[in-house]
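Accompanying notes for the structure given below.
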Amino acid sequence: MKHDVITTILFLIALASTVIAEAMFVVFGQVTVRKLRKNPATRSLLGVELLSGWDIVNASSALSRPDWLTRRLERGALRGLFADSQALRAHTTRFDRVLAAIVYWGLRISVGWVLACMVFAKFG
């Protein structure tokens, strides 16, 4: 019985964090990335859009990743896949960067909650 209650609580936390992260994802796309897409100086710096909306993920991660990881990714052989963090920082406000951090870390945390829920449901 206790196992079912804990699994349900974990599931509800995972669901709530996912809904909040996705809502912020939409807001970030409409507020910040739309502005960056319209700007000719940043339009080509959003990285490769593998799927629809992937440039939103690229922009939020470029504005939120730790500096050592950003430098490593942007100097690597696959640098065309990632957004240019220096250029995006120059063309965004502090509000945009805070919103990007909320989206980036919100998506990461929600995935972590979903994985924790799956592991707990499987192994109890």
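What you see is a predicted model; the values in this text were computed from it and never measured.
Residues Thr42 and Leu46 form no side-chain contact, since every pair of their non-hydrogen atoms from C-beta on lies 4.5 Å or further apart. Two residues are said to be in side-chain contact when any heavy atoms from C-beta on lie closer than 4.5 Å; Leu63 and Phe28 meet this criterion.
The side chain to side chain contact (heavy atoms under 4.5 Å, CB included) test applied to Val98 returns Arg94, Ile102, not counting sequence neighbours. By the side chain to side chain contact (heavy atoms under 4.5 Å, CB included) test, Ala62 is found to be paired with Arg65, Ala83, Ser85, Leu88, residues two or more places apart in sequence or in another chain being considered. The side chain to side chain contact (heavy atoms under 4.5 Å, CB included) check on Leu45 picks up Asp84, Ala87, with sequence neighbours excluded.
Met118 and Phe11 sit in two unconnected hydrophobic clusters of ILVMFWY residues. Membership requires side-chain heavy atoms under 4.5 Å apart, directly or through other members. Placement of Leu115 and Phe120 in two distinct hydrophobic clusters is found when ILVMFWY residues are connected by side-chain heavy-atom separations under 4.5 Å, directly or transitively. Cluster annotation: Val5 and Leu12 are assigned to distinct hydrophobic clusters (Ile/Leu/Val/Met/Phe/Trp/Tyr, side-chain heavy-atom contacts under 4.5 Å, transitive). Both Phe25 and Val27 belong to a common hydrophobic cluster when Ile, Leu, Val, Met, Phe, Trp and Tyr are linked at side-chain heavy-atom distances under 4.5 angstrom.
When all heavy atoms of Val33 and Ala59 are compared, the pair lying nearest together is CG2-CB, 4.0 Å.
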Please report, to 0.1 Å, the donor-acceptor pairs under 3.5 Å made by any side chain of residues 15-23, with sequence neighbours excluded.
from, atom 1, to, atom 2, distance (Å)
Ser17, OG, Ile13, O, 3.2
Ser17, OG, Ala14, O, 3.0
Thr18, OG1, Ala14, O, 2.7

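Atom CG of Leu36 is separated from atom CZ of Arg43 by 11.0 Å, given to the nearest 0.5 angstrom. If you take OG1 on Thr92 and CZ on Arg97, they are separated by 4.5 Å, rounding to the nearest 0.5 Å.
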Pair Thr32-Phe95, side chain to side chain contact (heavy atoms under 4.5 Å, CB included): steps then yes or no: CA-CA 9 Å; Thr32 303; Phe95 172 76; 5.6 Å; no

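Sorted by first and then second residue, the pairs that involve residues 98-120 and meet side chain to side chain donor-acceptor pair (under 3.5 Å), not counting sequence neighbours, are Tyr104-Arg108. Sorted by first and then second residue, the salt bridge (Lys or Arg N to Asp or Glu O under 4.0 Å) pairs involving residues 27-41 (not counting sequence neighbours) are Lys35-Asp96, Arg37-Asp55.
Within the 3.5 Å criterion, the main-chain N or O of Ser61 finds no donor-acceptor partner in the side chain of Ser64.
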